[in-house]
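Working notes, beginning with the structure itself.
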Amino acid sequence: MDRRTPRRAAFAAFIGTTIEWYDFYVYATAAALVFGHVFFPASTDPLVGVMAAFATYAVGFFARPLGGVVFGHFGDRLGRKSALVVTLLMMGVATFAVGLLPTYASVGAAAPALLVLLRFVQGLAVGGEWGGAALMAVEHAPEGKKTFYGSFAQLGNSAGALLATGAFSLMTSLGDEALRDWAWRVPFLVSAVLVLVGMFIRLRVEESPVFEQVRQRRESAPAAAAELPIRAVLRSSWRPVLLGIGALPVAIGGYYIATTFLLAYATGADVGVEEQVVLNGLSFAAFVELVATLAISWLGDRVGGRRVVIVGLVAVALLAVPQFTVMGTRNTVLIFLMLGLMRLAMSATYGPMATLLAEMFPPNVRYTGMSLAYQVAGAIFGGLSPLAATALVKAGGGGPAPAIGLLIGMCLLSVVCLAVAPRHRDTPAVSGVPAVSQ
């Protein structure tokens, strides 16, 4: 294999996931800022409108497990690369279409219905994207550097978030009236250009060498290859799926509590921080995560990825209280500092996770297995966390304590599941399915 191939695969994973997550987070930011007004204006309580917007936001997460199963099947049977080309196109088309939707004021209930449909397509696409992109980076990587190379797929999360919050930060500078009238559409429409760039890069990457070896084994033993990947996962790898789900609540759901929910909470009437301040702070935090992820993942190859993730989980739990209470000070410097520290801690819980999840499954069902674990966790913890945190805070009288307790509980669950998760190795690569080592 060309020595440049692992770097090319890692870069392609980074670009592809950046575009996918940009599209996903553009919707998340719009849900927090404008969708309650544009698509759900009937309620007189602004918080109810935000909750309705978050409910449509959650639809994308519920579609993600289905996307993981569908594209995991094709990725384990036909190849990682072909599945990734389709997911990128699906996401680009759906996101661009959101930017063209009529509002509730124009067509009534048809507007939120179309929004839900396009969010579902987004969910299918990102459900199939992450597992394939992570595998292309991890399976091309040389031994001893898999956590580092796998983190390039994770970088797409922070890079996409940085682009999304940056885009909306520019749009909010035009004023609330412009933002709600037309400016919210611009970040969605711009995604078309990004998708074209991503397709050009992704089509130039070779298929995963690990999958090529799986394909050769199937050709020599066609009877063993007849079983559907999802059936094989549920028959022999159900325990890693459950442990993978339990390892991810902070890496997925905690992130949305510290970004999407925090944005809605901090800019609400009870706290009153300016939208521009929080958006700029989240952009700064995304940059911190982008810079830190590679260094943290490099460390994971040397001291152990699980150890790095567990240290990050402890830090998230310790920062949970000051993360929310600092918003009440309305001090821009303190807000930026706490947002940056929290995302630094979360980068440790997320950066090494692509490799840790990949190692939980044998390569013949790896795309399906890790996608299923990741996307079910996304549906449960990512899709419901902002909605649950909003509902808990409302029921608790408006204080942040319920959201803080939810985040700390997620940290505890993650630590327990990571401590007992299995580990597969790809060597020897041709002789058969790798043995398990704990």
Practice prompt. Measure the CG-CG distance between L407 and L313 for me, rounded to the nearest 0.5 Å.
Written response: 10.0 Å

Practice prompt. Looking only at non-hydrogen atoms, find the nearest pair between V288 and G340 and report the distance.
Written response: CG1-O, 3.7 Å

Discussion item. Strictly below 4.0 Å, N to O, side chains only: are R423 and E359 in salt-bridge contact?
Written reply: yes

Worksheet item: Where the side chain of E212 meets the backbone of E207, is there a donor-acceptor pair that is under 3.5 Å apart?
Response: no

Worksheet item: Do F284 and L339 come close enough that some side-chain heavy atom pair is under 4.5 Å?
Response: no

Worksheet item: Which atom names give the shortest non-hydrogen contact between A377 and L248, and what distance separates them?
Response: CB-CB, 3.7 Å

Worksheet item: Parallel under 30°, tilted from 30 to 60°, perpendicular over 60°: which one fits the rings of Y374 and W130?
Response: parallel

Worksheet item: Which heavy atom of L282 sits nearest a heavy atom of A258, and at what distance?
Response: CD2-O, 3.9 Å

Worksheet item: How about I257 and M410: do any of their side-chain heavy atoms sit closer than 4.5 Å?
Response: yes

Worksheet, complete the sentence: One should read off an interatomic distance between T332 OG1 and N280 CG, to the nearest 0.5 angstrom, of 9.0 Å

Practice prompt. May I ask you to check whether Y25 and Y255 place their ring centers less than 6.0 Å from one another?
Written response: yes

Worksheet item: Is the shortest distance from a Lys or Arg side-chain nitrogen in E129 or R202 to a carboxylate oxygen in the other one below 4.0 Å?
Response: yes

Discussion item. Any non-hydrogen side-chain atom of L279 less than 4.5 Å from a side-chain atom of T29?
Written reply: yes

Worksheet item: In terms of the angle between their ring planes, are F11 and F14 parallel, tilted or perpendicular, with boundaries placed at 30° and 60°?
Response: tilted

Discussion item. As an exercise, state the distance from CG of L262 to CD of Q323, rounded to the nearest 0.5 Å.
Written reply: 5.0 Å

Item to complete: Name the orientation class of the two ring planes belonging to F188 and F35 (parallel below 30°, tilted from 30 to 60°, perpendicular beyond 60°).
Response: parallel

Discussion item. Let's go through T172 and Q276 carefully: what are the C-alpha distance in whole Å and the side-chain angles of both, what is the deciding distance for side chain to side chain donor-acceptor pair (under 3.5 Å) to 0.1 Å, and is it a yes or a no?
Written reply: CA-CA 7 Å; T172 56; Q276 193 72 44; 2.8 Å; yes

Response to the item:
side-chain contact (heavy atoms from CB on, under 4.5 Å) with Y367: of E139, R80, R77, only one passes, and it is R80

Item to complete: Could you tell me whether the side chain of L163 reaches within less than 4.5 Å of the side chain of W21, counting heavy atoms only?
Response: no

Worksheet item: Got Y149 and H140 here, is their nearest side-chain heavy-atom distance under 4.5 Å?
Response: no

Discussion item. Measuring only between side-chain heavy atoms, which start at C-beta, is S297 closer than 4.5 Å to Q154?
Written reply: no

Item to complete: Report yes if some heavy atom in the side chain of L155 is under 4.5 Å from a heavy atom in the side chain of L294; otherwise report no.
Response: yes

Fill in: Non-hydrogen side-chain atoms of L242 and R239 separated by less than 4.5 Å
no

Worksheet item: If you take all heavy atoms of A141 and P6, which pair is closest and at what distance?
Response: CA-CB, 4.4 Å

Worksheet item: Take atom CZ in R302; do more than 12 heavy atoms of anything else shown fall under 6.0 Å from it?
Response: yes

Item to complete: Give a yes or no on whether the backbone of L203 and the side-chain of K81 come within a donor-acceptor separation of less than 3.5 Å.
Response: yes

Practice prompt. For the pair T165 and S283, evaluate side chain to side chain donor-acceptor pair (under 3.5 Å) and give the outcome as yes or no after the intermediate values.
Written response: CA-CA 6 Å; T165 54; S283 297; 3.0 Å; yes

Worksheet item: How far apart are the closest heavy atoms of R307 and V303, and which atoms are they?
Response: CD-O, 3.1 Å

Discussion item. If I take atom CD1 from residue I245 and atom CD1 from residue I252, how far apart are they, to the nearest 0.5 angstrom?
Written reply: 9.5 Å

Practice prompt. Examine distances only and state if a side-chain atom of R366 and a backbone atom of A358 form a donor-acceptor pair shorter than 3.5 Å.
Written response: yes

Worksheet item: Closest heavy-atom contact between P352 and A348?
Response: CD-O, 3.4 Å

